[in-house]
Amino acid sequence: MFSKRIILLLVPGALASPMLSETAPFLEQRQNSCPNVHVFGARETTTPQGFGSAGTVVNMIVAANTGATKEEIVYPAAGGNNYSSSVRAGVLAVTNQVSTFATKCPQAQIVLVGYSQGAQIMDDAMCGGVDVNEQITNTTSLISATVAAQVKAIIWMGDPRHTPGAPYNVGNSTAAGFAPRPSGQICTAFANIIQSYCDAADPFCSNGNDAAVHQGYGREYGSQALTFVNSKLTSAGNSSVTTLSTSSTSSTLAQAVISHGTRAQTVGGWYAKYLLTFCLILSIAL
């Protein structure tokens, strides 16, 4: 009777230790997998940290692509005398954040959404080019070709760098913004994945005088921007690695429990054999 109690007390330890020590980290790793779609959003001038007006389109993209994630660009978004330094800081922030994420998740599809100054910093980070007003003289992109290859779609709304005649322009503006690209420095390298929205009445990306127009692009062109972005994402963008990992969690646990006898040989076989030998010896002795 005593020997049976010993066996019953020891066997649960044999069942729990090998399986849980191996399964828990595995599940954690699966649940922390990278998304297939990750959206960066950069806000407009003087807006508190967050997505600002870029959030309208950012949220639409995330909602339309299961498991997609989003990330705000962290930069000053300052105006007035601090505008130039804010843009320079923003360009570096875009470069660093996008590059860091791309390195961590090299298979993910990246989407950039910038609004006003937020569009300008993404414009400069991706396309380079002299930005005289902001004291930027670098003519090449700060984002490497490897990282840029992961960027599948770019949305700019009210971009001060708006330049008439660019192939990616959308809207009725035919005038330049207050910080247009120099002649010959249109962002041709990424022209097929950019949509830059600007209407004539906008005082920042064009020469208008209606600030309300500048703030209304999400409402006016949000659906159009979403359609464009989705057309650039591969079919994998409709489901995420994270979602797949979550759905497989229950089956992974079930398999671990059902096939524990087999797993004990591969994961903790030595431990199970040790206990079995000990129990047999103890039974004989008693």
Side-chain angles (χ1 to χ4, degrees), residues 39-45 51-58 60-61 73 83 87 90-91 94 98 110-134 136 138-143 148 151-233:
V39 187
F40 285 94
R43 71 197 192 281
E44 68 270 35
T45 305
F51 290 98
S53 295
T56 300
V57 175
V58 168
M60 291 174 72
I61 298 169
I73 298 298
Y83 187 89
V87 169
V91 172
V94 171
V98 173
I110 296 173
V111 179
L112 305 181
V113 180
Y115 208 103
S116 192
Q117 186 179 164
Q120 184 173 3
I121 63 176
M122 288 183 167
D123 190 331
D124 284 339
M126 283 295 296
C127 305
V130 176
D131 194 341
V132 177
N133 292 340
E134 321 324 332
I136 295 175
N138 186 38
T139 59
T140 59
S141 172
L142 294 182
I143 293 179
V151 178
K152 304 304 180 182
I154 302 171
I155 300 296
W156 296 329
M157 293 184 158
D159 184 7
R161 304 229 69 187
H162 177 261
T163 305
Y168 41 76
N169 286 349
V170 181
N172 58 24
S173 174
T174 57
F178 67 75
R181 289 193 156 275
S183 176
Q185 291 189 9
I186 299 298
C187 193
T188 54
F190 303 106
N192 65 319
I193 63 169
I194 298 173
Q195 292 277 264
S196 180
Y197 298 89
C198 181
D199 283 334
D202 190 318
F204 303 106
C205 68
S206 188
N207 61 353
N209 57 11
D210 190 346
V213 171
H214 184 69
Q215 290 301 130
Y217 291 116
R219 179 179 62 256
E220 182 73 18
Y221 294 109
S223 295
Q224 184 176 341
L226 175 62
T227 298
F228 175 79
V229 169
N230 284 343
S231 74
K232 299 300 180 179
L233 299 175

Give the intermediate values and the outcome of side-chain contact (heavy atoms from CB on, under 4.5 Å) for residues L226 and V57. CA-CA 7 Å; L226 175 62; V57 175; 5.9 Å; no
Heavy-atom closest pair, residues [X] and [Y]:
X	Y	answer
A201	V213	CB-CG2, 3.7 Å
I155	A225	CD1-CB, 4.0 Å
A175	P164	C-CG, 3.5 Å
A54	A42	CB-O, 3.6 Å
A153	K232	CB-CB, 4.1 Å
I143	A148	CG2-N, 3.8 Å

Judged by atom type as modelled, is there a donor-acceptor pair below 3.5 Å linking the side chain of [X] to the main-chain atoms of [Y]?
X	Y	result
S173	S206	no
Q185	V130	yes
H214	F204	no
D131	D124	no
D202	C205	yes

Going through the distances and angles, do K152 and I110 end up as a side-chain contact (heavy atoms from CB on, under 4.5 Å)? CA-CA 6 Å; K152 304 304 180 182; I110 296 173; over 6 Å; no
First locate atom [atom1] of [X], then atom [atom2] of [Y], and finally report the distance between them rounded to the nearest 0.5 Å.
X	Y	atom1	atom2	result
F178	D159	CZ	CG	9.0 Å
I121	E134	CD1	CD	11.5 Å
C198	N172	SG	CG	8.0 Å
C187	R161	SG	CZ	10.0 Å
R43	S116	CZ	OG	11.5 Å
D210	D199	CG	CG	10.0 Å

Find out whether W156 and I194 are in side-chain contact, i.e. whether some heavy atom of one side chain is under 4.5 Å from a heavy atom of the other. yes
Less than 4.5 Å apart, side chain to side chain, heavy atoms only: is that true for V229 and M60?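 Result no, sub-4.5 Å side-chain heavy-atom pair not found.
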Heavy-atom count around N192 CG within 6.0 Å, excluding the residue itself: above 12?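 Yes - once you tally the heavy atoms of other residues, nucleotides and ligands closer than 6.0 Å, there are more than 12.
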T45: what forms a side chain to side chain contact (heavy atoms under 4.5 Å, CB included) with it, not counting sequence neighbours? Y83, Q117
Evaluate I154 against Q195 for side-chain contact (heavy atoms from CB on, under 4.5 Å), listing each step before the verdict. CA-CA 6 Å; I154 302 171; Q195 292 277 264; over 6 Å; no
Over 60° means perpendicular and under 30° means parallel, so tell me whether Y115 and Y217 are parallel, tilted or perpendicular. tilted
Under 6.0 Å between ring centres: does that hold for Y197 and Y221? yes
Check R181 with D123, please: is the shortest side-chain N to carboxylate O separation under 4.0 Å? yes
Passes side-chain contact (heavy atoms from CB on, under 4.5 Å), V98 versus F40? Steps please. CA-CA 8 Å; V98 173; F40 285 94; 3.9 Å; yes
With sequence neighbours left out, write down each residue that passes side-chain hydrogen bond (donor to acceptor under 3.5 Å, both in side chains) with N138, or none if nothing qualifies. T140
Contacts of type side-chain hydrogen bond (donor to acceptor under 3.5 Å, both in side chains), residue S53, not counting sequence neighbours: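 Testing S53 for side-chain hydrogen bond (donor to acceptor under 3.5 Å, both in side chains), a comparison that skips the adjacent residues, returns E44, Q215.
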